[in-house]
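Accompanying notes for the structure given below.
Chain naming here is simple, since letters A, B, ... match the order of the sequence lines and numbering starts at 1 in each. Source: prediction; values computed, not measured.
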Number of protein chains: 2
Amino acid sequence: MRKDSTKRPPKTDEKKAAAPRRRLRAVNREQQIVDEAVNFFAEKGFSGQTRELATRLGITQPLLYRYFPTKRDLIERVFDEVYLNRESPDWSSLLTDRSRPLHDRLCDFYGSYSEMTYRYEWIRIYMFSALMGEKLNRRYIKIVEKKILTPMCAELRDYCGQPTIEEKPIRQIELDHIWVIHGGLFYYAIRKHIYHSRVSKDFAAIVSRAVAVMLAGSKAVSAELETND
Amino acid sequence: MRKDSTKRPPKTDEKKAAAPRRRLRAVNREQQIVDEAVNFFAEKGFSGQTRELATRLGITQPLLYRYFPTKRDLIERVFDEVYLNRESPDWSSLLTDRSRPLHDRLCDFYGSYSEMTYRYEWIRIYMFSALMGEKLNRRYIKIVEKKILTPMCAELRDYCGQPTIEEKPIRQIELDHIWVIHGGLFYYAIRKHIYHSRVSKDFAAIVSRAVAVMLAGSKAVSAELETND
DNA sequence: CTAGTTATTTATCATCTGATAAACTAGAGG
DNA sequence: CCTCTAGTTTATCAGATGATAAATAACTAG
């Protein structure tokens, strides 16, 4: 907008940070755009407008199109940035390390998992894209079921003295049961970042309690069912 | 639904149900628009376009504006339709009826609650509006905490032989703990209607198991904590 | 200091989209 | 069959919005 580009360093800096409008190297500008786009789309959803995004960046809207041919391309890039470009810890091994109590493993897992995914941008972009029917989500869920929930089922079986998953494959109902606690903890992030509810700061305490209850309860119920199942 | 009321039975019915375009009384048309809008916005989100909605209804777009001054007004009406216009059962009393086992009460509650809210339109419109930052959601959550979760906490206290909520008020952490199972069960609907995941049909079985585990686990953990809390 | 490269802006399009006004007509009442 | 009411359509607008092309200017190399 304001085009005082000449050499005078704009001491003004009026109300909206009248950017000195320096040039960036292509690579840096691109990353800057992606970073801001992640924030922007997390907040506004994917119907957020390119002009508003550009304004936030302090650049003009057509500049976006130098780096991304279409808005859709930018969105794809945002997905990559949030879901793919970051390597995830080896959660399977963390979960299946039977030298440690299952309670501790689960608490550690959710500590690590929440740090990575229970973030404002992650949660919201995930939900927006799910509502849009992006394939991304289904793929992600497949991974979660395979790398996280199935191992958990196996550990829970062991914990309750039930058959291994080799002896008796995991049933949908077991997966759904694990989804209740997994989803219940995830829901903490939904309440925080999507509903903007007041939630207690101490997520670790919530996890510890939920895990303890789940383990104790599972053992009790499992023993009970032993007879009639 | 079919409205070929005029004398000529349109044998055409070409590709898009070339509606006979009958007139409706204002009240009926309005209701028809609202009904379809609920479906439409649930599917597309609130950035769905009025023209497309009109096409689905087999009417022209300006006709919408005879019944609703602005798109926003229509959306508000959709909110009313989905969240307010339906009277909800008296869940508090169902939950606090101590003449019945808590397990049964909770199972019945979730049977009733899920029937009402775990629906395609309800879930999706709820999530869309939450992402938009509508006040509606926060209001709804307040109600849930007051009418459902707080009673649940009270019953759980009683079940575990802990102080009543009059003796010792509910803490945020207790509410958050109940949110884990409540949200975990709600997450079933999210997986079904937002993620389009395959979930087991038998939701009652999931509830029964989750409730049983939660109750048994809470009792066990509560007894354990008795000493050091 | 000059010239060349390329990051960035200005100007502009075509289409979409919410909204309005006026013309039209189905159907009820007489 | 006529007439009037009100439900519906046609035509159209203004602003928004994704995208493009050409002009401009910041930085770099020589």
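- Considering only the side chain of A/Lys71, D/dG18 comes nearest among C/dA19, D/dT9, D/dG18.
- Of the side-chain N and O atoms in B/Thr60, none sit less than 4.0 angstrom from OP1 or OP2 of D/dT8.
- Closest to the A/Gln49 side chain, of the nucleotides D/dT17, D/dG18, D/dT8, is D/dT17.
- Look at CG on B/Leu57: it is 11 Å from P on D/dT9, rounded to the nearest Å.
- Between A/Glu145 and A/Arg138 there is no salt bridge, since no side-chain nitrogen of the basic residue lies less than 4.0 Å from a carboxylate oxygen of the acidic one.
- Within the 3.5 Å criterion, the main-chain N or O of B/Phe46 finds a donor-acceptor partner in the side chain of B/Lys71.
- Ranked by how close their nearest DNA chain C nucleotide is to the 5' end, B/Gln61 and A/Gln61 are led by A/Gln61.
- Rounded to an integer number of Å, the gap from B/Arg25 CZ to D/dT8 P is 11 Å.
- Under a 4.0 Å N-O distance rule, the pair A/Arg72/A/Glu134 qualifies as a salt bridge.
- The CD atom of B/Glu30 sits 11 Å away from the P atom of D/dG7 (whole-angstrom rounding).
- Spacing between atom CZ of A/Phe68 and atom P of D/dT20 amounts to 15 Å, rounded to whole angstrom units.
- Taking only side-chain nitrogens and oxygens, A/Arg23 never comes nearer than 4.0 Å to OP1 or OP2 of C/dT6.
- OP1 or OP2 of C/dA19 sits under 4.0 Å from a side-chain N or O of B/Tyr65.
- The residue B/Arg66 sits close to a base: some heavy atom pair falls under 4.0 Å.
- Rounded to an integer number of Å, the gap from B/Ile33 CD1 to D/dT8 C1' is 11 Å.
- At the phosphate of C/dT17, neither OP1 nor OP2 sits under 4.0 Å from any side-chain N or O atom of B/Thr50.
- Contact annotation for B/Tyr67: backbone-only contact, meaning every heavy-atom pair under 4.0 Å involves sugar-phosphate atoms and none involves a base.
- No side-chain donor-acceptor contact under 3.5 Å links B/Arg77 to the backbone of B/Val34.
- Here D/dG18 presents its P atom at 14 Å from CZ of A/Arg72, a figure rounded to the nearest Å.
- The CD1 atom of B/Ile59 sits 7 Å away from the P atom of D/dT9 (whole-angstrom rounding).
- Of all nucleotides listed (D/dT20, D/dT10, D/dG7), D/dT10 comes nearest to the side chain of B/Pro62.
- Classification of B/Asp176 and A/Arg209 as a salt-bridged pair fails, no side-chain N sitting under 4.0 Å from a carboxylate O.
- A close approach under 4.0 Å does not occur between any side-chain nitrogen or oxygen of A/Arg51 and OP1 or OP2 of D/dA16.
- Spacing between atom CG of B/Leu63 and atom C1' of C/dA26 amounts to 14 Å, rounded to whole angstrom units.
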